[in-house]
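Reminder, nothing fancy here: chain letters follow the sequence lines and each chain counts from 1.
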Amino acid sequence: MAALPSLYNTLTRQVEPLVPVRSGEVGVYCCGPTVYDVPHAGHARAALAPDLLVRRLRALGVKVKYVRNITDVDDKILERAARDGEEPLALSNRMATIYREQIRATGCLAPDHEPRVSEHVPQICDIVQRLVARNAAYVVELAPGVRDVYFAVRSFPGYGKLSRRKVDELVAGARVETNAHKRDPLDFALWKGAPAHEWGWESPWGRGRPGWHIECSAMCTHYLGQPFDVHAGGMDLIFPHHENEIAQSEAAYPDQAPLARIWMHNGFLNIDKEKMSKSLGNFVTVGDVFERNDPEALRYFFLTAHYRGPIQFDSEKLADGRVVFPGVDEAERRMDHAFSALLRLNGMVNPNLTVPAKLGPELLGYRDASVRAVKEAEAALDDDLNTSVALAALAELTRLGHELVDSAAKKKKDAGFVAGASAGAQFVLTGMYRIGGQLGLFQCEPEAYRTRTRTRRLRLRGLTAAAIDAKLEERTAARKAKDFAKSDAIRAELAALGVAVHDGGDKSDWTIEQ
RNA sequence: GGCGCGGUAGCCAAGCGGUUAGGCAACGGUUUGCAAAACCGUCACACGUCGGUUCGAAUCCGAUCCGCGCCUCCA
């Protein structure tokens with residue numbers, strides 16, 4: 001089997017080759033969202049890195065089991081639901097559906113399993129019981145029949161190994177939650193008791209709800225076993241969430257340590273130099289982006305930067321009041337460019353032409369360039385998912401595709417070249433789709449992309465295709481009559497609306513800007 | 001205070017000891033009635049600052065200045 005990708009491991013702080021626990025099979029777990037609200041752009045970015053890994057591994061022929069959880073039981077969900085007079089699980093279910101659909105739209109594969117806390121309470125209780133039995137956790141009775149369970153942090157010697165923190169320094173920081181029931185301020189809740197009238201589940205400790213960290217420990221190992229290969233999530237989860245997961249799982253099953261071999265963490269999406277987050281109130285939702293940009297453009301935008309670094313997501317208010325996302329706009333122009341190459345190349349592929357047995361050196365050049373670009377992109381992805389370099393390889397092929405179409409148009413009287421160019425187009429198309437597929441781009445047909453971006457841009461600019469077509473007809477008539485003054489005036493008028501006219505022979509077409 | 005990340009040409013962003021990153025913008029060209037799109041070329045011997053190691057440093061080491069994140073719920 002081909003060598004597997006290398007990944008940066010937060011645990012060792014270096015890039016290392018992925019060595020599966022079980023040969024030929026890789027388990028990936030990604031910490032999904034707490035679904036008390038619609039997803040923001042940062043959530044979309046977090047789903048990307050594990051998706052790229054899964055795509056690359058599958059392209060290499062590796063069997064992958066990909067699990068991404070949904071936290072549908074949480075105090076925030078309870079608060080939001082109470083505020084809006086909705087059942088907590090109805091709220092989280094509604095939000096989970098939006099999350100799933102929007103993340104899928106950004107080109108992320110559906111996970112093989114999408115476990116929810118509400119459906120894994122028995123597994124959670126199992127691991128908590130095990131921790132209590134091993135004296136790594138203790139039960140505190142708050143009221144008759146109402147009990148909390150806490151994890152005893154100091155009972156786990158490896159605590160801090162992921163985040164490189166020392167237990168005593170954490171205490172000195174004094175920013176830990178004080179709670180009279182805890183034996184040690186560092187201890188965290190595994191199970192939170194709840195009175196009978198409150199949202200909860202029955203457990204060996206009475207009614208209550210699971211703590212945040214324990215759910216992931218329970219669900220990741222339930223689906224992937226312990227140890228498993230890759231655990232992913234946002235950088236803010238390193239401490240305390242992932243540190244606590246490690247402590248719980250490794251304390252529960254010390255002979256099956258580590259919990260996960262590689263811990264991969266994606267960087268943040270910043271807005272105006274600040275981390276985008278709900279608590280800061282500066283978030284842009286995925287829905288906000290989809291209003292203005294194509295989902296593929298959002299993905300392309302994420303791919304321009306390395307997943308571990310921060311990415312600047314800026315918004316700008318135009319004079320006409322429209323809010324735009326310049327970075328995503330630029331990415332969308334790149335998608336336009338790539339999709340238009342695909343469209344033009346598709347138009348060149350002629351199934352009725354027999355591919356010449358011997359291709360000239362010019363066309364062999366296209367084949368070689370295509371093969372080279374794919375190799376470069378794959379090598380880049382194997383080096384800790386270097387999407388920026390993979391995108392450069394894709395851009396090179398895109399450019400080559402346009403060039404091929406241009407030269408075929410110039411040599412259209414040369415039947416031999418045209419027949420061969422069809423084969424050349426196939427080479428370039430294959431390369432582009434091969435790279436695009438591993439990056440999660442080109443999720444729809446080029447025609448569909450053109451239609452949907454055009455529709456959206458018309459709506460954003462308050463225009464209709466019919467009105468533009470009418471203007472264009474008027475202009476075509478003027479051109480036929482050699483009334484270039486009028487023709488140019490109409491073009492200027494359309495240009496002012498963001499519509500560019502393209503003249504080709506006797507008929508004209510138009511495109512609309514973002 | 002502890003842990004960690006980053007400062008690369010006008011902008012975004014790879015590279016991380018020697019050989020072109022890539023994109024956007026701008027400008028010139030091919031093309032066009034004029035344009036647009038596409039392609040070609042230029043801007044680009046750029047790498048926060050100061051020292052050091054080296055035949056050679058954006059890349060390694062030290063110091064220093066900025067910016068940011070985590071240490072409390074967060075992707």
What nucleic acid atoms does [X] come within less than 4.0 Å of, heavy atoms only: base, sugar-phosphate, or nothing?
X: Arg68(A); result: nothing
X: His306(A); result: sugar-phosphate
X: Lys482(A); result: nothing
X: Thr511(A); result: nothing
X: Gly32(A); result: sugar-phosphate
X: His337(A); result: sugar-phosphate
X: Leu391(A); result: nothing
X: Phe239(A); result: sugar-phosphate

Next item on the list: Could you tell me whether the side chain of Arg479(A) has a donor or acceptor atom within less than 3.5 Å of a complementary atom in the base of G33(B)?
Entry: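 Between G33(B) and Arg479(A), which were checked side chain against base, a qualifying N/O pair under 3.5 Å is present.
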Margin query: Whether the side chain of Asp488(A) and the base of G33(B) hold a donor-acceptor pair under 3.5 Å is what I'd like checked.
Written below: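 Yes, the side chain and the base share a sub-3.5 Å donor-acceptor pair.
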Checklist line | Salt-bridge present (Arg209(A), Asp75(A); N to O < 4.0 Å) | finding: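 So Arg209(A) pairs with Asp75(A) through a salt bridge.
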Notebook entry, point to check: Would Arg164(A) and Glu243(A) pass as an ion pair if we require N to O under 4.0 Å?
Noted result: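 Result for this pair is no, no salt bridge flagged.
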Look at the side chain of [X] and decide which nucleotide, out of [options], has an atom nearest to it.
X: Asp503(A); options: C40(B), G33(B), C73(B); result: G33(B)
X: Ser388(A); options: A13(B), A75(B), A35(B); result: A13(B)
X: His402(A); options: A75(B), C70(B), A38(B); result: A38(B)
X: Arg165(A); options: C24(B), C71(B), A37(B); result: C71(B)
X: Ala392(A); options: A75(B), G22(B), A14(B); result: G22(B)
X: Ala305(A); options: A38(B), G33(B), A14(B); result: A14(B)
X: Pro240(A); options: C73(B), A75(B), C39(B); result: C73(B)
X: Ala500(A); options: G15(B), A36(B), C24(B); result: A36(B)
X: Arg164(A); options: A75(B), A14(B), C3(B); result: C3(B)
X: Arg13(A); options: G22(B), C3(B), A75(B); result: C3(B)

Check: What interatomic distance, in whole Å, is found between P of G23(B) and the corresponding atom of G6(B)?
Finding: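 Between the two P atoms, the distance is 25 Å.
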Margin query: Once pairs are restricted to Watson-Crick or G-U wobble with both distances under 3.5 Å, how does RNA chain B read as a dot-bracket string, [ ] for crossings and | for other-strand pairs?
Written below: (((((((..(((.....[...))).(((((.......))))).....(((((..]....))))))))))))....
Nearest-Å distance, [atom1] ([X]) to [atom2] ([N])?
X: Lys161(A); N: G2(B); atom1: NZ; atom2: C1'; result: 21 Å
X: Ile490(A); N: A35(B); atom1: CD1; atom2: P; result: 18 Å
X: Arg334(A); N: A38(B); atom1: CZ; atom2: C1'; result: 12 Å
X: Tyr307(A); N: C5(B); atom1: OH; atom2: C1'; result: 14 Å
X: Tyr8(A); N: C16(B); atom1: OH; atom2: P; result: 15 Å
X: Glu396(A); N: G22(B); atom1: CD; atom2: P; result: 8 Å
X: Leu439(A); N: G22(B); atom1: CG; atom2: C1'; result: 13 Å
X: Asp483(A); N: G33(B); atom1: CG; atom2: P; result: 16 Å

Note to self: Strictly distance-based, threshold 3.5 Å: is any side-chain N or O of Asn9(A) a donor or acceptor partner for the main-chain N or O of Gln14(A)?
What the structure shows: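 No: the side chain of Asn9(A) does not pair with the backbone of Gln14(A).
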Check: Hey, what's the ring geometry for Tyr223(A) with His113(A), parallel, tilted or perpendicular (30° and 60° as the breaks)?
Finding: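 Because their plane-to-plane angle lies in the 30° to 60° range, the rings of Tyr223(A) and His113(A) count as tilted.
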Next item on the list: On the 0 to 90° scale, with breaks at 30° and 60°, tag the Phe188(A)-His213(A) ring pair as parallel, tilted or perpendicular.
Entry: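 Ring orientation, 0 to 90° scale: perpendicular.
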Take a 6.0 Å sphere around [atom1] of [X] and say whether it holds more than 12 heavy atoms from other residues, nucleotides or ligands.
X: Glu473(A); atom1: CD; answer: no
X: Lys412(A); atom1: NZ; answer: no
X: Arg399(A); atom1: CZ; answer: yes

Margin query: So, OP1 or OP2 of C40(B): does either fall under 4.0 Å of a side-chain N or O from Arg399(A)?
Written below: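 Result: yes.
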Notebook entry, point to check: Ring centroid separation for Trp510(A) and His502(A), is it under 6.0 angstrom?
Noted result: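 Between Trp510(A) and His502(A), the centre distance exceeds or equals 6.0 Å.
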Notebook entry, point to check: Do Phe268(A) and the base of A75(B) stack face to face, with centres under 5.5 Å apart and an angle between planes under 30°?
Noted result: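 Phe268(A) vs A75(B): stacking no.
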Note to self: Which heavy atom of Gly401(A) sits nearest to which heavy atom of Val428(A), and what is that distance?
What the structure shows: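 Where Gly401(A) meets Val428(A) most closely, the heavy atoms are CA-CG1, 3.8 Å.
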